[in-house]
There are 2 protein chains.
Amino acid sequence: MNIQFKKGVLELCVLALLEEKDYYGYELVNEISKNLDISEGTIYPLLARLRSEKYVTTYLKESQEGPPRKYYELTSTGKSVLKELKEEWFQFTDSVNRILKGRMLND
Amino acid sequence: MNIQFKKGVLELCVLALLEEKDYYGYELVNEISKNLDISEGTIYPLLARLRSEKYVTTYLKESQEGPPRKYYELTSTGKSVLKELKEEWFQFTDSVNRILKGRMLND
DNA sequence: ACATATATCTTGCTATACAAGGTACTAAAT
DNA sequence: ATTTAGTACCTTGTATAGCAAGATATATGT
């Protein structure tokens, strides 16, 4: 899978998942991995950044299956960033597809 | 416009345009700019890379309106890379949209 | 001579993803 | 008891690609 395509998009995916419910990091890796390749070395720094930018808050919760889980919860800032990012994403892909599809008639 | 989203995608756009006809760099900037923000500081290094990777060849042609133009022409390698990149792009955006749209019912 | 549009390219910077590794807890198998 | 495997967190160093800002040079009009 093309690594470059993911730049910036994983942030969008994480925020979108967090809109549904709170996730912990390891769980996000598993959930996103159903659709996209993603590694832990990517997600944890990303989550740290989202927290430092106040898009999410965190809380710890113990687990029966291993060490405590750090859950991530979307803030209202995070929600509005998500909305904006989502719009940008759809607009961006439309623009790209306009460039590609204008020339796809003979593909 | 989100800079990160463009990572890797501009290469795809350039190759897609070159499938239609030969372009020179400045012309590519103008053409792509109809849909996406792109700067010359991005396109020229990208074109140099495409050439070094043998996805394109170049030739010079004089112009009446300014200095000589360097035209870029797709190689057969470039064509197969384009085909692959295009497939990856559509698969990638589908995957992302699956993550986003599974949770958009109440947007 | 000067400004504008055309056309090329380079330098230094930034952002994000990844591989590879480390830490630690729990439960099951040896 | 010890090891293994699964869960769960994190960090370090590297690579890549885009951008702003600038340099260079040609052609045309003022």
Side-chain angles (χ1 to χ4, degrees), chain A residues 1-15 22-33 35-53 55-56 58-72 81 85 88-89 92 95-96, chain B residues 1-15 22-33 35-53 55-56 58-72 81 85 88-89 92 95-96:
Chain A
M1 176 180 295
N2 192 315
I3 293 175
Q4 299 303 323
F5 285 171
K6 297 182 216 169
K7 298 285 172 80
V9 180
L10 294 178
E11 173 174 346
L12 168 60
C13 292
V14 166
L15 292 175
D22 299 351
Y23 280 88
Y24 57 97
Y26 192 81
E27 192 184 15
L28 278 169
V29 173
N30 289 334
E31 185 64 27
I32 293 175
S33 292
N35 292 292
L36 300 172
D37 286 345
I38 190 177
S39 67
E40 297 180 14
T42 300
I43 203 89
Y44 289 112
L46 167 56
L47 289 168
R49 207 192 83 226
L50 294 181
R51 190 168 75 154
S52 81
E53 291 179 348
Y55 299 170
V56 298
T58 61
Y59 56 92
L60 282 175
K61 214 172 173 182
E62 279 162 45
S63 161
Q64 279 75 41
E65 296 126 78
R69 299 162 171 171
K70 189 186 273 186
Y71 280 85
Y72 293 81
V81 168
L85 261 185
E88 279 183 56
W89 166 252
F92 175 75
S95 296
V96 173
Chain B
M1 177 181 295
N2 193 315
I3 292 176
Q4 300 301 324
F5 286 171
K6 297 183 215 169
K7 298 286 172 85
V9 180
L10 293 178
E11 172 173 347
L12 169 60
C13 292
V14 165
L15 293 174
D22 298 352
Y23 280 87
Y24 56 98
Y26 192 79
E27 192 184 15
L28 279 169
V29 173
N30 289 333
E31 186 63 26
I32 293 174
S33 292
N35 292 291
L36 299 172
D37 286 344
I38 189 176
S39 68
E40 298 177 9
T42 299
I43 204 88
Y44 289 111
L46 167 57
L47 289 169
R49 208 191 82 225
L50 295 180
R51 190 167 76 153
S52 83
E53 290 178 350
Y55 298 169
V56 299
T58 60
Y59 56 92
L60 282 175
K61 213 173 173 182
E62 282 163 43
S63 161
Q64 280 73 41
E65 296 125 77
R69 298 164 172 169
K70 188 185 273 186
Y71 280 85
Y72 292 82
V81 168
L85 261 185
E88 279 185 56
W89 166 250
F92 175 74
S95 296
V96 173

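So that the names make sense, note that chain A is the first sequence line, chain B the second, and so on, each numbered from 1.
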Stepwise side chain to side chain contact (heavy atoms under 4.5 Å, CB included) test for Tyr26(A) and Tyr44(A): CA-CA 9 Å; Tyr26(A) 192 81; Tyr44(A) 289 112; 3.8 Å; yes

Residue met sooner reading DNA chain C from 5', once Leu10(A) and Tyr72(B) are mapped to nucleotides: Tyr72(B)

Provide, to the nearest angstrom, the distance between the OH atom belonging to Tyr23(A) and the P atom belonging to dA8(D). 14 Å

Answer yes or no: is there a side-chain heavy-atom contact under 4.5 Å between Ile32(B) and Ile43(B)? yes

How many whole angstroms separate atom CG of Leu47(B) from atom P of dA7(C)? 14 Å

Measuring to OP1 and OP2 of dT7(D), would you say a side-chain N or O of Tyr26(A) lies under 4.0 angstrom away? yes

Strictly below 4.0 Å: does Tyr24(B) bring a side-chain N or O up to OP1 or OP2 of dT8(C)? no

Would you say a side-chain N or O of Arg69(B) is under 4.0 Å from OP1 or OP2 of dT6(C)? no

Which listed nucleotide (dA20(D), dA8(D), dA17(C)) is nearest to the side chain of Ile3(A)? dA17(C)

Gln4(A), nearest nucleotide to its side chain (from dT16(C), dT16(D), dG18(D)): dT16(D)

Atom pair distance, as rounded to whole Å: CD in Glu62(A) and C1' in dC9(D): 15 Å

Between Val96(A) and Trp89(B), is any pair of side-chain heavy atoms under 4.5 Å apart? yes

Are any of Lys70(B)'s side-chain N or O atoms less than 4.0 Å away from OP1 or OP2 of dC9(C)? yes

Touch class at under 4.0 angstrom, heavy-atom based, for Lys6(B) against every strand present: sugar-phosphate

Rounded to the nearest Å, what distance is computed from the OH atom of residue Tyr71(B) to the P atom of nucleotide dA7(C)? 8 Å

Which atom names give the shortest non-hydrogen contact between Gly25(A) and Leu47(A), and what distance separates them? CA-CD1, 3.8 Å

Pair Lys6(B), Asp37(B) - check side chain to side chain contact (heavy atoms under 4.5 Å, CB included), show working. CA-CA 9 Å; Lys6(B) 297 183 215 169; Asp37(B) 286 344; 3.7 Å; yes

Can you tell if the side chain of Leu85(B) reaches within under 4.5 Å of the side chain of Glu11(B), non-hydrogen atoms only? yes

Taken to the nearest whole Å, CG/Leu28(A) to P/dT7(D) is 15 Å

Going 5' to 3' along nucleotides 21-30 of chain D, which nucleotides have protein heavy atoms under 4.0 Å from the base (write B), which only from the sugar-phosphate (write S), and which from neither (write -)? B---BBSS--

Gap between atoms CG and P, on Leu60(B) and dA7(C) respectively (whole Å): 13 Å

Of dT8(C), dC9(D), dA19(C), the nucleotide closest to the side chain of Ser39(A) is dA19(C)

Taking any heavy-atom pair under 4.0 Å as a contact, classify Asn2(B): base, sugar-phosphate, or nothing. nothing

Any side-chain heavy-atom pair of Glu27(A) and Glu31(A) under 4.5 Å: no

